**Q** 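Before I ask anything, here is the structure I am working with.
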Amino acid sequence: ASDIFDLAGMTFNINSPKQLGNVLFEELKLPKSKTNASGGYSTSVDVLEKLKMYPIVDKILYYRTVSKLYSTYAQGLLSAISSDGRIHSKFKQTVTATGRISSTDPNLQNIPIRTEIGRKIRKAFIPEEGFTIVSGDYSQIELRILAHIAQDKNMIKAFLDNEDIHTSTAAKVFSIPLQEVTKEQRYAAKAVNFGIIYGISDYSLSQDINVSVKNAGKYIKDYLEHYSGVKEYMERIVKTAIENGYVKTIYGRRRYLPELSSPKHSVREFGKRVALNAPIQGSAADIMKIAMIKVYNELKTKKLKSRLILQVHDELVIETSIDEIEEVKSILLHNMRDSFELSVPLEIDLSQQNSLLKG
DNA sequence: GCATGATCC
DNA sequence: CATGTCGATCATGCA
């Protein structure tokens with residue numbers, strides 16, 4: 001903080017976006033860009049990332065990272081430890097619009113993993129004596145569901161051939177052999193793959209991967225030419241959503257979309273993105289819930305000591321007795337893999353470690 | 001109690 | 001023409 005005050009030539013509350021915005025954009029006259037809803041200067045990561053070359057901005061980003069980790073995680077999680085030495089989160093079944101479960105008091109579904117300093121938090125979650133942590137992760141479940149729902153021949157083939165889907169997408173979009181795909185091309189293809197799931201626009205993709213809106217538009221166009229089944233799905237799902245007023249998952253659970261009849265264009269566009277995403281995210285949630293029930297029941301029926309302790313949307317975590325590691329891995333593998341039959345296989349990544357931190 | 005901005009999938 | 005990727009929870013500032 002003192003470094004930041006030195007560079008600013010004054011003291012202020014770094015945690016106040018309002019004060020911070022004034023210091024950066026009025027006092028120091030940095031190039032201003034976005035404003036937030038209340039008319040102030042936005043100081044969000046994506047704005048500050050572009051001003052990283054200013055030492056003060058770089059220090060502010062670091063300050064933000066550390067203070068978030070300290071207040072929400074270091075401090076917050078310590079105060080959540082109960083008398084048995086454990087943290088007992090609450091899982092809610094009826095909160096999300098898509099069918100995912102959520103976690104509160106505290107939220108254990110957003111424990112840091114991205115940054116090195118954040119991973120230190122994860123490392124602090126350890127099993128009791130005689131136990132270890134075994135996890136099973138669905139690999140690319142949402143794209144596999146997209147391939148299945150859209151019945152897209154090219155995407156289904158990529159998964160059947162067990163290709164890296166982002167590399168495979170890059171090869172198709174850039175019309176080059178798999179082996180010649182560069183890191184940058186794979187990164188762009190990955191952003192398009194995720195964007196498609198969320199209901200993409202050329203503008204948001206351009207922001208995401210830092211290319212012009214025009215180029216982003218070309219990527220999307222090329223993508224949909226190679227995945228024509230996806231293109232047809234996008235058109236079909238929006239049409240049926242408007243006709244029915246809802247969309248549904250592979251298990252038939254509905255999400256109603258009143259947004260589609262809003263007088264406001266932006267709200268209707270939001271409704272279309274949701275129409276696209278809800279069947280995908282919701283079906284993944286359905287599949288995971290089926291798997292969870294089966295895993296829980298099998299652990300119970302076999303009277304194993306190991307127990308299911310966490311679900312993070314595409315991942316199940318089991319605190320596993322060390323004499324049950326292989327059996328638990330097998331239980332996770334077959335129950336997660338066989339919980340639903342898609343047109344593509346469901347791949348599961350298994351891991352075992354001595355904390356919530358993998359590797 | 002709302003807005004902003006952080007964390008995760 | 002305006003808009004700006006899904007779904008969540010939590011801490012902090014501030015009216």
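Just so it is clear, the structure is predicted and the values come from calculations on it, not from any experiment. Each chain gets a letter, A, B and so on, in the order its sequence line appears, and its residues count up from 1.
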**Q** Looking at A:D137 and A:K358, does any basic side-chain N land under 4.0 Å from a carboxylate oxygen?
**A** yes

**Q** Scan nucleotides 9-15 of chain C nucleotide by nucleotide, 5' to 3', and note B when protein non-hydrogen atoms come under 4.0 Å of the base, S if they reach only the sugar-phosphate, - if neither.
**A** BBSSSSS

**Q** For a quick check, tell me whether the side chain of A:Q281 and the base of C:dC6 share a donor-acceptor pair closer than 3.5 Å.
**A** yes

**Q** Listed in order of residue number, which residues of residues 250-275 of chain A have a non-hydrogen atom at under 4.0 Å from DNA chain B?
**A** none

**Q** Using the ring-ring contact (aromatic ring centres under 6.0 Å, His included) rule, take A:H148 and A:Y233 through it: C-alpha gap first, then chi angles, then the decisive distance, then the call.
**A** CA-CA 11 Å; A:H148 170 87; A:Y233 164 70; over 10 Å; no

**Q** Between A:D164 and A:R186, is the closest basic N to carboxylate O distance under 4.0 Å?
**A** yes

**Q** Can a donor-acceptor pair under 3.5 Å be found between the side-chain atoms of A:R100 and the base atoms of B:dC9?
**A** yes

**Q** When you group the ILVMFWY residues by side-chain heavy-atom contacts below 4.5 Å and let the links chain together, are A:I309 and A:L357 in the same group?
**A** no

**Q** Paired stems touching DNA chain C, three or more consecutive Watson-Crick or G-U pairs with both distances under 3.5 Å?
**A** B:1-8 with C:7-14

**Q** Remember a base hit wins even if backbone is also touched, and classify A:A97 as base, sugar-phosphate or nothing at under 4.0 Å, heavy atoms.
**A** sugar-phosphate

**Q** Taking the side chain of A:T96 as its heavy atoms from C-beta onward, which of B:dT7, C:dA8, B:dG5 lies nearest to it?
**A** C:dA8

**Q** Identify whether any heavy atom of A:L205 sits under 4.0 Å from a base atom; if not, whether one sits that close to sugar-phosphate; answer base, sugar-phosphate or nothing.
**A** nothing

**Q** A:I113 near the nucleic acid: base, sugar-phosphate alone, or nothing, with a heavy-atom cut-off under 4.0 Å?
**A** sugar-phosphate

